[in-house]
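Here is the structure we will look at, set down as structure tokens.
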Amino acid sequence: MGNFNTIVNGLATSPKVYEISKAMLATNAGGEINIIELIQDIKITESLYNSGLTVAIYCLDSTGLIDLLKIAGNEKIELVIERRDITDKTRKKFELEVYLAEIKDYSTPRPSSKAYTLYCVSEHVYLNAVKVLTRSFNNTPSNLIKSIVSKELNSEIDIRNPSTSPIKGIFPRLRPLSAIAWLLRNSFENATPNFFYETAKSGLIFDSYKKILDKDVYDTYDNLSLIHIS
């Protein structure tokens, strides 16, 4: 079990606290290996403006694993990241399946160890690089995006605000995510844009900016001191 930040009696003492309970790397040779002991930190980036998650896994390797396994990219990594809240004692977790896109920041801080960062992406971002759309379409943007996500990107999406106006045309040899970006640029709700994004909690989402603004405030924080003020 990897502990990142202070944990008291198994409970999280701040919103930054988390544990890694699973980190399995599937090699291209068909095997699996536990890499929890190599991980020093993990950074997950999600945004309304990104079509997928990016996961940076910072590793300190004293066993030469990267050379032994001949890691070259496209390996699948399964992660389970969890925390147990200090107030309600409930255990919450994210289960992520990502694919290695690049190894960066390689260094040798000590003669017996190597440091590097495994930059990973979601499965649909990984599949996007090997798929091309060359078909005609005639449907609403939300239905078209759902079809692309399901057929070409082997994923599921939560359509929170279905489109009502149909659009038709031809995809001229576009990558799936490029086709989705084009559809987003040509679909609006009350003059506000639609978004296609991914979160670690809820996966892929299609929603409009208007619907996002209409939602109730979840909570209020002071970003300078991280003290809860609601």
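These numbers come from a predicted model, not from an experiment. For this chain, numbers begin at 1 and follow the sequence in order.
Under the side chain to side chain donor-acceptor pair (under 3.5 Å) criterion, Ser187 pairs with Asn194, sequence neighbours left out.
The hydrophobic cluster containing Leu96 does not contain Val121, counting ILVMFWY residues as joined when their side-chain heavy atoms lie under 4.5 angstrom apart, directly or transitively. Val130 and Leu100 sit in two unconnected hydrophobic clusters of ILVMFWY residues. Membership requires side-chain heavy atoms under 4.5 Å apart, directly or through other members. Tyr119 and Leu60 fall into different hydrophobic clusters, where Ile, Leu, Val, Met, Phe, Trp and Tyr residues are linked whenever their side-chain heavy atoms come under 4.5 Å apart, directly or through other members. In the hydrophobic cluster analysis, where Ile, Leu, Val, Met, Phe, Trp and Tyr join through side-chain heavy atoms closer than 4.5 angstrom, Ile157 is grouped together with Leu127.
Scanning all heavy atoms of the two residues, the minimum distance from Asn138 to Pro166 falls at OD1-CB, 4.5 Å. The two residues Gln40 and Glu37 have their closest heavy-atom pair at NE2-O, 4.3 Å. Contact between Ala129 and Arg175 at its shortest, heavy atoms only, is O-NH1, 3.1 Å. The two residues Ala23 and Asn34 make their nearest non-hydrogen contact at O-OD1, 3.4 Å. Taking every heavy atom of both residues into account, Ala179 and Leu174 meet most closely at CA-CD1, 4.0 Å. Nearest heavy atoms, Cys120 versus Ile77: SG-CD1, 3.8 Å.
Separating the CD1 atom in Ile33 from the OG1 atom in Thr63 is a distance of 7.0 Å, to the nearest 0.5 Å. With rounding to the nearest 0.5 Å, the separation of CG in Leu25 from CG in Leu38 is 9.5 Å. Note: Thr140 OG1 to Lys146 NZ = 10.0 Å, rounded to the nearest 0.5 Å. Note that CD1 of Ile81 is 11.0 Å distant from CD of Glu95, once rounded to the nearest 0.5 Å. For the atom pair Ile148 CD1 and Ser155 OG, the distance stands at 12.5 Å (nearest 0.5 Å). To the nearest 0.5 Å, atoms CD1 (Ile35) and CG (Leu79) are separated by 7.0 Å.
Side-chain contact between Asp61 and Tyr116: present, with at least one pair of heavy atoms (C-beta onward) separated by less than 4.5 Å. The shortest side-chain heavy-atom distance between Ile20 and Ile39 falls under the 4.5 Å cut-off. Val98 has its side chain out of reach of Thr54: every pair of non-hydrogen atoms, C-beta onward, lies at least 4.5 Å apart. Two residues are said to be in side-chain contact when any heavy atoms from C-beta on lie closer than 4.5 Å; Leu118 and Cys59 meet this criterion. The side-chain heavy atoms of Asn74 and Tyr126, taken from C-beta on, include a pair separated by under 4.5 Å. At least one side-chain heavy atom of Glu32 sits under 4.5 Å from a side-chain heavy atom of Glu78. Residues Phe94 and Glu82 fail the side-chain proximity criterion, which asks for heavy atoms closer than 4.5 Å. Side-chain contact between Asn128 and Leu153 is present, with at least one heavy-atom pair separated by less than 4.5 Å.
With hydrogens and angles left out, the side-chain atoms of Ser122 and Glu198 include a donor and acceptor closer than 3.5 Å. The closest side-chain donor-acceptor pair between Asp105 and Ser107, if any, does not fall under 3.5 angstrom.
For the pair His124 (side chain) and Ser51 (backbone), a donor-acceptor distance under 3.5 Å is present. Listed for the Asn50 side chain is no donor-acceptor partner under 3.5 Å among the backbone atoms of Gly52. Judged purely by atom type and a 3.5 angstrom limit, Asn154 has no side-chain atom pairing as donor or acceptor with the backbone of Ser150. Remark: the backbone N or O of Tyr99 is not paired with any side-chain donor or acceptor of Glu123 at under 3.5 angstrom. The backbone N or O of Ser62 sits nowhere less than 3.5 Å from a side-chain atom of Ser113 that would complete a donor-acceptor pair.
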task = Please lay out, stage by stage, how Leu177 and Trp182 fare under the test side-chain contact (heavy atoms from CB on, under 4.5 Å).
result = CA-CA 9 Å; Leu177 291 181; Trp182 185 88; over 6 Å; no

request  = Report the C-alpha separation of Glu97 and Lys76 in whole Å, then their side-chain angles, then the decisive distance to 0.1 Å, and conclude whether the side-chain contact (heavy atoms from CB on, under 4.5 Å) test is met.
outcome  = CA-CA 7 Å; Glu97 181 179 294; Lys76 181 174 73 173; 3.5 Å; yes

Stepwise side-chain contact (heavy atoms from CB on, under 4.5 Å) check, Asn28 with Glu75 = CA-CA 6 Å; Asn28 289 322; Glu75 289 86 355; 3.0 Å; yes

task = Please assess Ile57 against Thr117 for the test side-chain contact (heavy atoms from CB on, under 4.5 Å), listing each intermediate value before the final yes or no.
result = CA-CA 5 Å; Ile57 305 174; Thr117 303; 5.9 Å; no

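Every pair passing ring-ring contact (aromatic ring centres under 6.0 Å, His included) that includes a residue from residues 183-214 is listed here, sequence neighbours excluded: Tyr49-Phe195. Residue pairs meeting the salt bridge (Lys or Arg N to Asp or Glu O under 4.0 Å) criterion with at least one partner in residues 129-145, sequence neighbours excluded, are Arg135-Glu152.
One finds a salt bridge joining Lys215 and Asp207 here, because a Lys/Arg side-chain nitrogen approaches an Asp/Glu carboxylate oxygen to under 4.0 Å.
The side chain to side chain contact (heavy atoms under 4.5 Å, CB included) test with Ile205 is passed by exactly one of Ile159, Thr199, Ile212: Thr199.
Other residues, nucleotides and ligands contribute more than 12 heavy atoms inside 6.0 Å of the CG atom of Leu48.
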